[in-house]
Structure formats: C-alpha cells, structure tokens
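Here the structure is laid out as structure tokens; the discussion comes afterwards.
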Number of protein chains: 2
Amino acid sequence: MSKKQLIMDKALELFAKQGFEATSVQQITDYCDISKGAFYLSFKSKDELIIALIDHFMEAITSDIDYIVKTTKNEELLYSFYYMNFQFLHKHSDFAKVFIKEQTHSLNEDLLVKMRYYNALIDNTILLMIERLFGEKVTDTKYDLMYCIKSFMGMYSELFFFNSTTLDLDLDLLAHSLVEKTNLLAKHISIPFVTKELFQVSSQTLNLEMKREQLLDLLEQKINEMDEPIIKESLILIKQQLLHQNLSPAIVSGLLENIQKHPHCKWISYLLRNYFHM
Amino acid sequence: MSKKQLIMDKALELFAKQGFEATSVQQITDYCDISKGAFYLSFKSKDELIIALIDHFMEAITSDIDYIVKTTKNEELLYSFYYMNFQFLHKHSDFAKVFIKEQTHSLNEDLLVKMRYYNALIDNTILLMIERLFGEKVTDTKYDLMYCIKSFMGMYSELFFFNSTTLDLDLDLLAHSLVEKTNLLAKHISIPFVTKELFQVSSQTLNLEMKREQLLDLLEQKINEMDEPIIKESLILIKQQLLHQNLSPAIVSGLLENIQKHPHCKWISYLLRNYFHM
DNA sequence: TATACTAATGACTAAACGGTCATCTGTCAA
DNA sequence: TTGACAGATGACCGTTTAGTCATTAGTATA
C-alpha cells in the first residue's frame with residue numbers, strides 16, 4: 001500500500017471518530033507511525049487530504065450508481081439501486097460518517113462546489129432511472145419523485161448513524177420496503193412540489209462533458225498505475241479508440257466492462273460511458 | 001434587548017455562515033461590538049452558548065409541534081403539521097443551518113444526549129399524530145410512516161440549504177404535496193421496514209415525566225420574568241393548581257392556552273400539558 | 001568503501017485559540 | 001466632590017495548531 005493510501009485510510013478512521021477539524025495532523029501521523037514531515041510529502045495540506053478522500057468515495061458511488069442504472073434490467077432496477085446504495089454506505093460507513101458530518105461545513109469554497117457537482121451528477125442519474133422505469137407517466141412528477149428517493153435514502157443514515165452503531169439492519173428488507181414506497185408514489189402522486197423549473201434553478205447548469213484531452217490525460221495516468229494486464233490493455237485500446245475511432249461499439253462496450261470492475265477505474269469508466277454516450 | 005440575547009442573535013448568524021468551531025469568541029464579540037470579557041459575563045464558555053441556542057430553538061419547535069398535534073382537528077392536522085414545520089425552519093433559517101451542520105458533531109457528549117432527547121420527544125409527538133389520523137389501520141406501519149414523514153421534512157432542507165438561498169418556496173404547495181404523499185403511504189404500505197422493536201432500540205427509553213418540583217421552579221422563574229398581566233396571572237394560577245389541585249380542567253386548559261401564546265412560555269406550556277395529560 | 005541521492009524526521013515557528021484578570025469607566029447616592 | 005460598585009475592557013496566558021526545513025537515515029551505484 002502506498003503511503004498516500006495509508007494516510008487516507010487511517011485519517012478516515014480518525015475523521016469518522018472525531019470529525020475533520022478536531023483531528024490534528026500530528027494525530028494522523030502518530031496513528032500511521034510516520035513523521036509529520038512525511039505527511040506533507042504526500043499532501044500539500046490538511047485540506048488537500050479531505051478533498052482527496054471525498055473525491056475518492058464520491059467518484060466511486062457516482063459511477064456505481066450510473067453503472068447499476070445503465071446495466072440492470074427494469075424489473076430489478078429500483079431494488080438494485082437502493083440495495084447497492086445502502087451496501088455502499090454500510091461498507092464505507094467511516095466515509096459516510098465523515099461525509100454527513102462535513103457535508104455542509106464550508107471548509108472551503110472549492111469543496112462546496114465539488115459537492116454540488118457530485119450531487120448534480122447523481123441527480124441526473126436518478127432522473128434517468130425514473131424515466132426508464134415509469135416513462136411518460138411521470139413527466140410532471142419526476143423531479144418530485146427524485147427528491148422523494150433521495151429523502152428515502154436519508155432515512156437510512158438517520159437510522160444507522162444516530163442509533164446504536166452495531167445494529168445490524170436488514171438491507172434486503174429495507175430495499176424492498178423503499179421499492180414499494182417509490183412505486184406507490186410514482187403511481188399516485190398528483191400534487192408534485194419540485195418542478196422542472198425549481199430543479200433547474202437548484203442544480204446549476206453543469207458541464208458534464210469532459211474534453212477529450214482531459215480524458216486522454218486521465219487514461220495515460222491510469223495506464224501507468226495499473227498492473228493487471230487485462231485492465232492495462234483495455235485502457236490502452238480505449239485510448240486508441242479515443243484517438244482514432246477504429247473500434248466497433250461492441251468492443252468498446254466490452255472494454256469498458258473490463259475496467260469497470262477495478263475499484264480505481266470506476267471513475268474513468270463512468271466518464272468514458274458518458275463520453276461515448278453509452 | 002439583553003446582552004445575552006444580543007450575543008445569541010449575532011453568534012447564530014456567524015455559526016450559520018461559518019460553523020461553530022470555525023467561529024471564534026473574538027469574532028463574535030467583534031460582531032457584537034463588545035469586548036471579549038463581556039462575553040464571559042453572559043456565558044461561562046463557548047459551549048454554553050451553543051447549548052443555550054439549541055435549547056432555545058428545540059424547545060420552541062418541540063412545543064409548537066405538540067401544540068399543533070393536540071389542538072388541530074383531524075382534517076387539517078397533517079397540513080398544519082407540515083406547514084408549521086417549514087414555516088419555522090424558514091423563519092429561523094440561521095438556526096436550521098447551524099442545526100444541520102452541528103447535529104452529528106460530537107462537540108460534547110451532553111449535547112448529543114440533548115439532541116437525542118429532543119429527537120425522541122418529536123418522534124413521540126409524530127407517532128401520536130399518526131395514531132390519531134389513521135388509527136388501527138397503521139398499527140404495523142406507524143413507525144415506518146413516522147420515519148417517512150421525517151424523511152420528507154429533510155427534503156425541504158435539501159432544497160432550501162443546498163440551493164440559491166433567496167429562492168422563495170411555496171410552502172403551502174409543499175405542505176399539500178407532502179400531505180398527499182403521506183396519506184398515500186399510510187393507505188398502501190404493506191412492507192414496513194421500521195418496526196416497533198427497531199424504533200425502541202433506537203429511541204432509548206426516556207423519562208418524559210418531569211418532577212413537580214422542577215415544574216414549580218420553572219414556573220417561579222417565568223413568573224418573575226413575565227411582564228404581561230394575563231400571562232403572569234395565568235402562571236400564578238397554574239402554580240396554585242400544581243400545589244392544591246383546586247381548579248377545574250376547563251380552567252387549567254384555558255390558562256395553558258393563555259401562556260402558549262408567549263414565545264418564552266411555549267416550553268413550560270408543553271411540559272405542563274404533558275404533566276396534566278392534556 | 002566512498003559517493004550520491006531520496007525518503008524521512010521532529011524541533012521549530014508563527015498564528016490562533018479559549019479563557020482570565022487586573023484595570024478602567026460610567027453612574028449612582030451621599 | 002467623593003466613594004462605591006457593577007459593567008466592561010483588552011492585554012495577557014497557556015495550549016494547540018498547520019506547516020517548514022535543516023538535518024539525518026537508508027539505499028543504490030561505482
């Protein structure tokens with residue numbers, strides 16, 4: 001494990017326990033058994049560390065949600081969506097704690113902008129899911145529905161983080177329960193509150209599209225980072241495709257499937273799916 | 001305005017903008033145009049200030065909700081409940097911001113216990129409302145419903161605090177929209193997730209009952225604090241009632257109505273309603 | 001073994017914090 | 001005019017913080 005990864009892991013533990021501001025760099029380095037100076041070889045500042053953490057997990061959850069929505073068949077989609085989300089929060093409960101604690105803290109204007117950005121990405125994916133599942137029946141209520149779904153997801157954190165921590169929740173039942181509620185609302189809502197206009201005001205127009213050059217840079221970086229031959233070759237081939245468009249859609253799709261599996265390639269995979277409109 | 005009130009008002013503004021930990025006592029006193037020493041004449045510590053703020057607003061909202069639930073007729077209850085809540089959050093948006101920011105921060109074990117306490121009080125009142133509205137039809141789903149209602153209320157904060165702040169929301173429409181959703185869920189839910197057992201684990205048994213002596217102390221304090229003759233006399237008569245039980249229920253009820261109206265008597269009014277089981 | 005270079009160290013600095021207290025100020029009655 | 005006293009002040013204290021940098025330890029090469 002790289003030093004950077006070690007610091008991120010250990011710091012996340014401490015942040016979850018004590019909060020970001022209440023945790024000193026000294027504490028982190030003590031907990032990692034490294035010196036204070038070593039910390040500043042990996043991160044320029046304490047702020048850069050929390051931004052790296054938030055980026056890391058938000059990239060993971062954002063691309064996971066997008067992948068589920070784009071690959072699961074309709075009958076199971078809503079269930080998979082809820083289940084995957086709760087599983088993620090459960091698996092990365094330290095991150096979830098930090099996220100809930102610090103999400104509204106204006107540590108940094110950059111961080112706030114970043115949060116809004118990820119939020120908008122997830123909003124769009126949820127909307128995509130609603131449209132696929134309910135089609136034109138929810139034209140007037142889909143924004144409202146989207147907020148309901150997000151409200152329901154908040155229910156889990158309420159239950160999980162306010163209460164006895166070791167409580168083992170039945171995530172399968174929770175997901176089924178929320179699927180029922182969501183379907184009920186989708187079928188019957190007649191008085192939506194969140195309209196298209198309100199949604200567009202709140203989610204500022206953000207440019208989802210990435211420039212090809214940025215993608216190429218990111219690909220190059222990942223190619224050097226990865227060891228597994230299949231992943232590495234997939235990345236190289238995708239880079240070729242970006243440069244020369246010489247591959248068939250089926251092949252590109254398969255290559256994206258390959259890299260999607262690697263935890264450190266989920267984000268680039270997400271960006272590429274959007275770039276290729278898949 | 002008393003110095004204590006001035007500090008609370010100004011500090012709330014700063015806390016809403018920057019967060020509690022990020023706001024120094026020096027900043028607060030500068031913003032109040034008073035000296036640092038003067039701050040410590042009103043509050044023993046910075047912690048005491050935030051506790052005072054949270055107590056002040058949580059007492060207000062808790063007793064407001066209880067009052068609405070206990071005095072509104074069924075047909076309008078759900079609407080009034082939502083509307084009043086959003087109105088409160090809207091009116092005291094600075095507090096709402098601080099509350100959202102700091103609710104999970106373990107500034108202090110005392111504060112956490114306090115938050116859980118107010119949370120449990122509100123949970124109980126919402127449950128009371130559900131039982132009154134839907135009766136035995138929701139025996140198995142009422143805890144689940146309660147969490148849905150709380151989720152829906154979270155929707156407002158999401159909309160209001162993440163987005164352009166000056167956005168004027170149609171609270172009437174919002175309340176109507178949530179009434180429809182709540183009724184839908186109450187009528188149709190068949191797969192509840194939050195059961196009685198789960199609820200009881202999360203909301204530790206808390207003793208709502210206050211000792212008569214505590215109530216008498218609080219009454220005495222309020223009697224000295226109040227100027228308005230009607231309020232003052234009402235308080236004095238209630239004190240008599242606590243000591244000698246010489247008044248009829250109708251009179252006691254009327255006296256509680258009198259003091260309920262005063263912002264600084266809402267909490268004692270709430271405590272008395274519970275004491276007299278009204 | 002000698003040299004060269006990177007990785008790592010922890011004492012150090014300057015700033016900021018919550019909280020204290022000797023001092024001062026304005027306002028009374030005598 | 002004096003004295004007394006509550007209310008207010010801000011310099012000051014001890015502590016803690018993020019971040020720096022001269023120095024050292026470890027390792028690979030010649």
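Below, chain A is the first sequence line, B the second, and so on; all start at residue 1. Hydrogens, waters and symmetry mates play no part in the numbers below; they use all other heavy atoms, side chains included.
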Acceptor/donor pairs from residues 255-263 of chain A side chains to any protein atom, 3.5 angstrom cut, sequence neighbours excluded:
residue, atom, partner, partner atom, Å
Glu257(A), OE1, Tyr67(A), OH, 2.7
Glu257(A), OE2, Tyr67(A), OH, 3.3
Asn258(A), ND2, Ser234(A), OG, 3.1
Gln260(A), OE1, Ser269(A), OG, 2.9
Gln260(A), OE1, Arg273(A), NH1, 2.9
His262(A), ND1, His264(A), N, 3.0
His262(A), NE2, Glu228(A), OE2, 3.4

Exercise answer: donor-acceptor pairs, residues 26-36 of chain B side-chain atoms, under 3.5 Å, sequence neighbours excluded:
residue, atom, partner, partner atom, Å
Gln26(B), NE2, Asp30(B), OD1, 3.3
Gln27(B), OE1, Ser24(B), N, 3.3
Gln27(B), NE2, Gln18(B), OE1, 3.3
Thr29(B), OG1, Val25(B), O, 3.2
Thr29(B), OG1, Gln26(B), O, 2.8
Tyr31(B), OH, Glu13(B), OE1, 2.6
Ser35(B), OG, Ala38(B), N, 3.2

Please tabulate, one pair per line, each protein N/O and nucleotide N/O from nucleotides 24-27 of chain C that are separated by under 3.5 Å, including the distance.
none

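Residues passing the side-chain hydrogen bond (donor to acceptor under 3.5 Å, both in side chains) test with Glu233(A), sequence neighbours excluded: none. For Gln221(A), there are no side-chain hydrogen bond (donor to acceptor under 3.5 Å, both in side chains) partners two or more places apart in sequence or in a different chain. A search for side-chain hydrogen bond (donor to acceptor under 3.5 Å, both in side chains) contacts involving Lys232(A) returns nothing, not counting sequence neighbours. Residues meeting the side-chain contact (heavy atoms from CB on, under 4.5 Å) test with Met146(B), sequence neighbours left out: Asp123(B), Ile126(B), Leu127(B), Ile130(B), Lys150(B), Phe199(B). Taking Lys266(A) as the reference, Asp64(A) meet the side-chain hydrogen bond (donor to acceptor under 3.5 Å, both in side chains) condition, with sequence neighbours excluded. With sequence neighbours left out, the salt bridge (Lys or Arg N to Asp or Glu O under 4.0 Å) criterion links Lys46(A) to no other residue. Taking the ring pair (Phe, Tyr, Trp, His ring centres under 6.0 Å) definition, one finds that Tyr40(A) meets it with nothing, sequence neighbours left out.
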Study note, to complete from the structure: Per-nucleotide protein contact along nucleotides 4-20 of chain D, 5' to 3', at a 4.0 Å heavy-atom cut-off (B base, S sugar-phosphate only, - neither), is ----BBB------SBBB
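If one axis is set at each end of the helix from dT1(C)-dA30(D) to dT27(C)-dA4(D) from five pairs, those axes are 20° apart, to 10°.
Without hydrogens or angle criteria, Gln214(A) side chain to Lys211(A) main chain gives a donor-acceptor distance under 3.5 Å.
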